[in-house]
Structure formats: C-alpha cells, structure tokens
Amino acid sequence: MNDKKFYVSTPIYYVNDKPHIGHAYTTILADVLARYHRRLDIPTFFLTGTDEHGQKVQKAADEHRMTPQEQCDTTVVRFKELWKKLDISNDHFIRTTDPEHKKVVQAILQNLFDRDLIYKAEYEGHYCVPCERFFTAKDLVEGNLCPECRRPTNNIVESNYFFRMSNYQEWLIDYINTHPDFIQPAFRANETLGFLKQPLSDLCISRPKSRLAWGIELPFDNDYVCYVWFDALINYISGVGYMTDEEKFKKWWPVSYHLIGKDILTTHTVYWPTMLKAMGVEMPQSIFAHGWWLTGREKMSKSLGNVVNPMEMCDRYGVDAFRYFLMAEMPLGQDASFTEEAFVTRYNSDLANDLGNLLSRVVKMTLRQTNGVIPQPEAYGEDEKDLMAEIDRAVAELPQMLDEMKLNRGLEVVMQAIRAGNRYMEKTAPWTLAKKGETGRLNTVLYCSAELLRKAATLLHPVMPHKMTELLEALGMTGEAAANPDIAQLNDDKNVLSGLKMNDILALFLRIQAEEPAAKPLPQEKPAKPAKQENKPQAAKTEMPEGLITIDEFFRTQLKTAKVMEAERVEGADKLLKLQIDVGGEMRQLVAGVAQYYAPEQILGKTIVIVANLKPAKIRGIESQGMLLAAKNADGLKIVTIDGNMPSGISIG
RNA sequence: GGCGGGUUAGCUCAGCUGGUUAGAGCGACGGAAUCAUAAUCCGUAGGUCCACGGUUCAAGUCCGUGACCCGCUACCA
C-alpha cells in the first residue's frame, strides 16, 4: 500500500448489457477511490472498459445485420455516455477488441502453449447456447435442461484447448491463506477456499470457430477463438502496458484493487490468479467484491420491473447527490437497499439540511457583516479549538477509512464535523455578536465556519466534484484550489481564506419536498436530456398534469385475485371480518371492514380482488396482509369480484 | 446437508483485543432560537444487546446448545 501508487480497476462490462445501478456503483466506487488518491498526491491509474467478444454480441450483430465489430461500436457508447454523465475520471477505457489487447492475449496464449500449460483435449458436455456454457450430466435438471436458464441443452463432443489450472490449486490455497488482504472482504476469501476444496479442473479456454467465430483467434490454431473470460481478464494487465510498454506496466502493476461484484468472484479469485501465476506475473494486491443494490429487500431484476436507472436518478437529483448516496449508504462488502425514500431522506438531512444550509447561513452572514470578505481570526477559544479538532479528526480518519474500504464510515466522520459546524453556529451565535458589536470575536467565528466548510468540501470533493467546487467558489476560492482541492495539504494550518470574498449562492442542495418521492415514478427508460441539467430536484414535479398518474404509478399497486377460504367475525369488533384467503396457492390473512354488510358465510368462497403489496397492518391486534376492494356509499357496500371464473393469484391490470 | 456470517433502540446500523450509567444517524415527542434551504440547536426514547446454559471478580463482547435470517456450496459416503 505504501509503494506510493494506486491502480484501481472495474470489471470490463459486457457491451450488450444495458448499464444499470450495479455497473454505476462499481464504477463510481472506483472513481471515488481514484479521485481520493489523486488528491492525496498519490500517482493513480483508473481503468475501466468493455468486454466485447462472445456469442451474444455475435447474435445481436446478426440480428441487426452488422458486423460484430459494428455492433460493439454502437453499443459501447451506452457505457461511455453513462460514465461521462457520472463524472467518471478513468485514465483509460479498454475494449477487448482493441488491437493492442488482442496482440497481448495472443502472445500470452502462445507463451502458455509453448510451455505446455495449454493443451488440446476432447471435451464432451451439454452445451447451453444462450448461456454459452457447458454443463456436466449431473448439473442438468429435468433430463437435459440447463440449470441456469432451464432451456434444453445440446450434447456436444468437441476438441478444445485447456489451461492447466489444476496445477495451481495447492499453490492458490496457500497463497490465499498467507495473504489475508488478497480477497476482501475476508468472508469472500473463505468462500473461495471453500470452492477450492473440490478438485480444481483445467479451464477450457477455446471455442471452435464453427460454433463461435467472434473472438480472438488462437495463435497456434486458427480454427479456434479464445474463450471470453480468458480474454477479458487479461485486460487488467494489457490495459497498463503488459508486453507492450514494460515501463508503464512496472509503474502500475500489481493492481491495488480489482473491484468486482460478488457474482464474478470465482473468475477473479481462481481463474485470474492461476493465469497470472502461469504467466509469472505478480498477484493483484487485492480483489474486492462488493455487494448488490437491492430494491427494498428484493434483488433488482428486469422482470420485477424494479430496476433503478442511474441516468434517471441523475436527471432528477443530480449526479453528485447520487454518487454521495451510493457511497454513503453501502456498507463494506454488503448488500444495500436502494429506495427512493431512503435517498430523499439522506439527501435532505445530510446534504440539504446539514451541509447546504450551513453553507448558506455562513455565506449570508458573512455577506451581511463584512460585505463577504472573510476576516482575519483572532486567537481561538475553546469553541474554535473543538470545532477544528472535529474537522481535523475527519482529515486524519478519512484516509484510514479509505484504506479499509470503509467509505461510508469515512463520509460519516465528515458529516459529524459538519453537524458540529451547525452546533458551533448556535453556540457562538454570530448574529448576536454582530448586534453587540463584538467584531473581533465575530471575525473569528466567521473565519472558522468558513474554514470548516473549506476542509469538509475538500474531503468530500472526490465524491461530489461539482458541488464541492461550487461550495469552494462560494467561499471565494478560484482556479485549481477550487477545482482540485488538495487533501494532502489539509494538514498544514495555513490560512488560505482570510481576505477572500465570498459569493452569494443559491441553495447548494435544494431540499426535496416531502411527499414528492413516493408518488413520483421513475420515468421510462429513455435518458431524458444530456448531462448539464444538474440538480433541480423539484423540476420533476411539474411534468405531470395534476390529478393524473402514469401507467407505471398505477402498476405500483399490485392487484390480484384471491379466493376466500375462511371467514369469521372478529370478536369485539362489529365491523371486521377476519378472512383466510388463497392468493395463487399462498395463504394470507386479511382483516376487512365489511362485517356490517356481509356475513362470514356470504363472503366465503368468493373470488375477490385484493391489493397484494400493501404494507401489512395490525387491526385490533390481528395481522392483515393486504386489503380487499369494495364499493361503498350511504346505501351499502359491495365487494369487487371477478366476472366469471378466474383462479386466485392472478394479476389485475 | 456442509462451511461461513448475522440476530443490539420504531427503522438502518456502530460497538476493536471482555471492565464505569450500551452508542450514532433517521423517525417520533417536547422545548429553544430566528443568521439560514419551514433549515438549526437542546432535551426525551426507559432497548430481556434472539433464547437457554457455561467460563470469569466482570460478557452485547469468550465457549456450548437451540431458534430464525442470509451468503457460498452440495444435494449426502
């Protein structure tokens, strides 16, 4: 870690994927780490890119009547655009179709082949075309179905080339055991070790062109192309000059962090290290697997329609706020839950109320008292010492937290200092000092609050580059000092502020109004506008005519048919019936306020309509998991039923 | 089934190598203040630290057992 350089990588993303919050998270995390290290004056290299070979690309190309290369060229843009929007500061964007990369891959293949680390053998297996994977007979489900996608597999016998991965099993186990930071978090190392308890087989690294032509040709057999994973992993070294620019390679390798999602753990902790070992290349310092973003408690998936679109979040709330939320909300290595409600809460309390408002009160105060000129402070009293200690603690601890990949904790320490800033304002009450004419003390207070903000903004700059530069400019800073504030220099207590003239600023983070978030659906797929639309949270609210909702809003309510299996009165309540209903095989209990209109036996057996995703509630101590629909007026109440026969559990819409 | 992790205030979580009245953020309630983005500040939350048993002068913090949840892995020799 102390070798004074920092190289961080993201996985290279498959070009045919649509960028989602997972891609965005990994890449923003890498970006934030890269920016921090740059601000700490550590030479930094940040690599991301795209994985462009393989069957899906070829298939998509065929459908679009393009060459695979053209297909890649058109789809790679999705990622490049998103990274631009998210302010990703990668030093290089590698594509596996880059000629240099291909050359490196081929050279590696040839070298391993020459050393008999790659050999040819016959392989028999059940191949699933959509998954591009072989399975052994015992993997299959229900006869010959693919265990991943449940589609039929083909039995194929073919010759292929294999990498002698099994040679390195013992070595790898030992390496992991003796290098505790190699795989992080530690429990992921454990999982890898668990995987390595089974005998490690050799890795098939080729595909016959007859089946798949879109890939890097094997240099020693032009009937085959290289298996995508083998090709893709090599980007981490080919992207920093391996075999093409030894000086560059020496400078950056080994990588400080390979950031990955937990779904690609094995490829990175087993395949990749054994490949490197075979090549005689040094191991990565660390492979870090982060968790997933969930929607509430559920995994995000297209079929569930609960995918968070990063582009939309940025359009609505601003890139910086989005980046802040992702970094602040995800604890080390774990899964985290993304809800718009949580986003709005954190945005309002951390960014708008604590930080933005503090800036606002300091700037307005200074503008009024000294015409905006930041005064010279007098000697510090206890309050000032406490305040500065608070922010200096953040200065000291944040880099530590970074080293431990505890970004959320690091940000929390900064937020603590900001809250201390608000307390300091209350305690010293500069508005009162002004009235009393205690200008000396007032000057100290104005200076110290500005100084606190300056340091906090510097520390937060890697996470929120635009907004923190705005903040620094409001304090009167200009040029590089505002655009690229240096964390490394935060320790020398030079007074850089006195004499600067503050600039008035509109709310740095405009508060998001309370009832907004839940009601507003994420707009559809289409990225609305190009980047510059920074942060106008409430702009979104004007789009929809009052009283109307979108189809998406409607579908947030899951209506389903249900069959009433049991019904009884709730004791001590004259309006309530307790129902046991069947919703497509799932039994639920529901308390309904219909007892004055329906006797239990009247409702029994009916197919009713319920709101299936209503938050459960307790009514007179009885759990009610949903509500039924009914029409009611002064004359009576009628339950909504289905016209004709329908099974229970059917979605209505 | 095996291996690993988790179960702490309404919610999300922090509590390192065991040691004074168990903490933070958010939310809720009460109050103060008015420089500020209806923002801020102060106070309150009386939590069986999952359960039971054990080690210890002392356990949320170590050991054992059980329950529930999650991850990986395998469907048992």
For [N] and [M], measure between their [atom1] atoms and round to the nearest Å.
| N | M | atom1 | answer |
| --- | --- | --- | --- |
| C49(B) | C13(B) | C1' | 13 Å |
| C70(B) | G46(B) | P | 31 Å |
| G5(B) | A45(B) | C1' | 31 Å |
| U44(B) | G53(B) | P | 34 Å |
| C16(B) | A59(B) | C1' | 15 Å |
| A22(B) | U37(B) | C1' | 36 Å |
| A24(B) | C68(B) | C1' | 27 Å |
| C75(B) | A14(B) | C1' | 38 Å |

Give a yes/no answer on whether the side chain of [X] brings an N or O atom under 4.0 Å of OP1 or OP2 in [N].
| X | N | value |
| --- | --- | --- |
| Arg423(A) | C41(B) | no |
| Asn348(A) | U37(B) | no |
| Lys364(A) | U37(B) | yes |
| Arg361(A) | U37(B) | no |

Practice task
Given side chain to side chain donor-acceptor pair (under 3.5 Å), test Asp202(A) with Ser166(A) step by step and report yes or no.
Solution key: CA-CA 5 Å; Asp202(A) 288 341; Ser166(A) 59; 2.6 Å; yes
Classify the nucleic acid contact of [X] as base, sugar-phosphate or nothing, counting any heavy atom under 4.0 Å across all strands shown.
| X | value |
| --- | --- |
| Asp350(A) | nothing |
| Arg409(A) | sugar-phosphate |
| Gly194(A) | nothing |
| Ser360(A) | base |

Are His258(A) and Trp272(A) linked by a side-chain donor-acceptor pair shorter than 3.5 Å? yes
Q. Whole Å only: how far is the CD atom of Gln416(A) from the P atom of C13(B)?
A.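 One finds 18 Å between P of C13(B) and CD of Gln416(A), rounded.
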Review point. Would a distance-only check, ignoring hydrogens and angles, find a side-chain to backbone donor-acceptor pair under 3.5 Å from Asp392(A) to Val395(A)?
Key: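 Checking the backbone N and O of Val395(A) against the side chain of Asp392(A), no donor-acceptor pair under 3.5 Å is found.
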inquiry  = Please give me the minimum heavy-atom distance between Arg316(A) and Glu340(A), naming the atom from each residue.
reply    =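 Arg316(A) and Glu340(A) have their closest heavy atoms at NH1-OE2, 2.9 Å.
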(request) Report, as yes or no, whether the 6.0 Å neighbourhood of atom NZ on Lys501(A) holds more than 12 heavy atoms from other residues, nucleotides or ligands. (result)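 Yes.
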Only residue of Arg423(A), Arg511(A), Arg419(A) satisfying salt bridge (Lys or Arg N to Asp or Glu O under 4.0 Å) with Asp354(A) is Arg419(A)
Considering only heavy side-chain atoms of Glu191(A), the closest of G4(B), G71(B), U34(B) is G71(B)
Of all the base pairs, Watson-Crick or G-U under 3.5 Å, which form stems of three or more consecutive pairs involving RNA chain B?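 Stem segments, range with range: B:1-7 with B:67-73, B:10-13 with B:23-26, B:28-32 with B:40-44, B:50-54 with B:62-66.
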message = Does this structure show an ion pair linking Arg441(A) with Glu384(A), if we count only N-O contacts that are shorter than 4.0 Å?
response = yes
